[in-house]
Amino acid sequence: EYGDETTLEVDVYGRELARAEISPLLSLCDDDMADLHTVVTTYGATLISKLDSGSAHFLQLEARAFSPTAILVTGAAGFIASHVCADLVVTYPDCKIIGFDKLDYCSSVKNLDAVIDAPNFEFVKGDIRSADTVNNLFKQYKIDTILHLAAQTHVDNSFGNSMQFTENNILGTHVLLECAKQHKIRRFVHISTDEVYGEVHGNIARESDHLLAPTNPYAATKAAAEYMVLAYYKSFGLPVVVTRGNNVYGPHQFPEKLIPKFSIMLSRGKPVPLHGSGENSRNFLYVTDTARALCIVMQRGVLGEIYNIGTHVEFTNRQVAEQLCKHFDRDPDTFIESVVDRPFNDLRYAIDSSKMHALGWQPLVPWSVGIANTIAWYTGDNVTQRWDNATVDKVLTAHPRMGIEIE
């Protein structure tokens, strides 16, 4: 019903039989069957002849990589999505890429400079909460794939007017899902966050065995949106894949987040406000690595599955602040000011990304390179080209509140 992609449903127990009986598999597969996509692509016919597909437990694999024809990228003028658009335009030159964004305070069409004139890219301004607008997009461009990144994301804002997070992150996602169902799209990739796990103590969070326990309104709306996405997979067979990512940093991010905010403030000789003790730790992933991961999930991800996207580059907020001070030759004792913490601030996020590694993805940009690129971008004229000074100045505070008015 949802397209003509050739897929295989491989019985879990039959898969083990295949490992013992089909000798070519043994040279291609590691102990965790990490390269099953390659195996099925190469030896699909042999596998089909050997496996019993009658079991209720299946591992779904594509016999060839998914090939879209028209991709809708929501939140396209924002941080991560603008980099995703840049990847897609190059990777799929014969595919139409539609960038869709309502141009909220944190986005900018300038983020799309690299692709705006590409023959296979088109930008459309609009709101994902408008079913009429979204339906018209599907009809006009014959959309068959969605990469859904549009969201309200700043935790501090969610402690102000959390209703806007419900409207954008939950209602907006629901509208997209319903339109996708009606138009029988072939793939819906929903981008979520590692914050849905809540605080992680000791062990890292895995997709299959870690309950969701969000602790702030932002994370709660992202968890709710995930449940809606997966419900459409179960109830209607909508071909969905979900990702949960670490803290992403790099160019194009609105400077309400820690690294760009502190970089700008320190470059101006201003002290930076560190929430609480600053001992909250995060794992950091460079934005181009994130964009590449999302494209790989779109191509190779198993439908109905969830993929953590992360690194082991872990620092406390204080350590990040100290590194930035060192770069700008500022004394941390003078330029780091402890301020009152958020109403609740998760101590640690940490995720296991082995499922992503099995799809062939690994982060490529080391922290030293990524943070240098990021600092250089924010200390040039890129910020003033995208956002007016008054808007930027509003967020260079301890607890900024942007877009908190109830519409």
Side-chain angles (χ1 to χ4, degrees), residues 79 105-106 108 153-160 194-195 199 215-216 218 246-287 311-350 365-404:
F79 171 38
Y105 74 92
C106 53
S108 171
T153 65
H154 193 49
V155 174
D156 272 331
N157 289 345
S158 78
F159 292 126
D194 62 356
E195 293 195 36
E199 282 192 332
T215 60
N216 60 68
Y218 157 63
N246 274 159
N247 274 36
V248 182
Y249 72 102
H252 299 182
Q253 188 174 37
F254 184 67
E256 62 193 349
K257 303 297 175 77
L258 186 147
I259 291 176
K261 176 194 288 189
F262 284 14
S263 296
I264 293 172
M265 295 182 75
L266 289 168
S267 71
R268 296 179 179 180
K270 295 182 178 180
V272 297
L274 187 65
H275 291 173
S277 67
E279 294 307 310
N280 311 75
S281 70
R282 303 291 185 262
N283 287 268
F284 292 90
L285 180 63
Y286 194 63
V287 64
T311 70
H312 298 299
V313 179
E314 184 170 359
F315 298 109
T316 66
N317 291 341
R318 179 171 293 278
Q319 288 173 326
V320 173
E322 289 171 347
Q323 290 186 49
L324 292 173
C325 283
K326 181 179 180 180
H327 176 89
F328 289 100
D329 196 24
R330 310 294 188 191
D331 180 5
D333 292 335
T334 302
F335 280 85
I336 297 178
E337 294 183 347
S338 294
V339 299
V340 64
D341 208 347
R342 290 170 171 172
F344 190 86
N345 198 347
D346 292 317
L347 185 62
R348 181 174 183 258
Y349 302 133
V365 181
W367 169 258
S368 59
V369 174
I371 195 64
N373 290 344
T374 303
I375 292 170
W377 195 89
Y378 282 97
T379 51
D381 59 359
N382 296 294
V383 173
T384 55
Q385 289 177 358
R386 285 161 173 77
W387 303 286
D388 63 82
N389 289 329
T391 300
V392 172
D393 287 343
K394 285 181 181 179
V395 300
L396 301 182
T397 60
H399 299 283
R401 296 285 191 270
M402 296 295 293
I404 64 172

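Shown here for P400 and V395, the closest heavy-atom pair between the two residues is CB-CA, 3.6 Å. In terms of heavy atoms, I264 sits closest to P255 at CD1-CB, 3.5 Å. Taking each heavy atom of H275 and N280 in turn, the nearest pair found is O-OD1, 4.4 Å. Smallest separation of non-hydrogen atoms from T379 and I375: OG1-O, 2.7 Å. Nearest heavy-atom pair, V287 versus V248, reported as atom, atom and distance to 0.1 Å: CA-CG1, 3.6 Å. When every heavy atom of A321 is checked against every heavy atom of I336, the shortest pair comes out as CB-CD1, 3.7 Å.
At least one side-chain heavy atom of F262 sits less than 4.5 Å from a side-chain heavy atom of P273. Taking 4.5 Å as the limit, every side-chain heavy atom of M265 sits out of range of all side-chain heavy atoms of F335. Side-chain contact check for P251 versus N382: every heavy-atom pair is 4.5 Å or farther apart. Two residues are said to be in side-chain contact when any heavy atoms from C-beta on lie closer than 4.5 Å; L258 and R282 fail this criterion. Within the 4.5 Å cutoff, the side chain of Y286 has no heavy atoms near those of the V313 side chain.
In this structure, F254 and W387 have perpendicular ring planes: the angle between them is above 60°, well past the 30° mark. Ring geometry for F284 against Y249 counts as perpendicular: the plane angle is over 60°, on a 0 to 90° scale with 30° as the lower cut.
Note: H252 NE2 to C106 SG = 14.0 Å, rounded to the nearest 0.5 Å. In this structure, N247 CG and N317 CG are separated by 8.0 Å, a value rounded to the nearest 0.5 Å. Distance check: K261 NZ to E256 CD gives 8.0 Å after rounding to the nearest 0.5 Å. Between the CG atom in D381 and the CZ atom in R386 there is a gap of 9.0 Å [rounded to 0.5 Å].
A donor-acceptor contact shorter than 3.5 Å is absent between the side chain of H327 and the backbone of S263. Looking only at distances, no side-chain donor or acceptor of N246 sits under 3.5 Å from a matching main-chain atom of L285.
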For side-chain contact (heavy atoms from CB on, under 4.5 Å), just list the numbers for E322 and R318, CA-CA rounded to whole Å, side-chain angles, deciding distance to a tenth of an Å, and then say yes or no. CA-CA 6 Å; E322 289 171 347; R318 179 171 293 278; 3.6 Å; yes
Would R268 and L396 count as a side-chain contact (heavy atoms from CB on, under 4.5 Å) here? Give the steps. CA-CA 11 Å; R268 296 179 179 180; L396 301 182; 3.4 Å; yes
In sequence, state the C-alpha distance, the side-chain angles, and the governing distance for I371 and L324, and then conclude on side-chain contact (heavy atoms from CB on, under 4.5 Å). CA-CA 9 Å; I371 195 64; L324 292 173; 4.3 Å; yes
Working for side-chain contact (heavy atoms from CB on, under 4.5 Å), residues W367 and Q323: CA-CA 11 Å; W367 169 258; Q323 290 186 49; 2.8 Å; yes
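Residues D388 and T391 bring a donor and an acceptor atom of their side chains to less than 3.5 Å of each other.
Annotation for D331: atom CG counts as buried by contact number, over 12 foreign heavy atoms lying within 6.0 Å.
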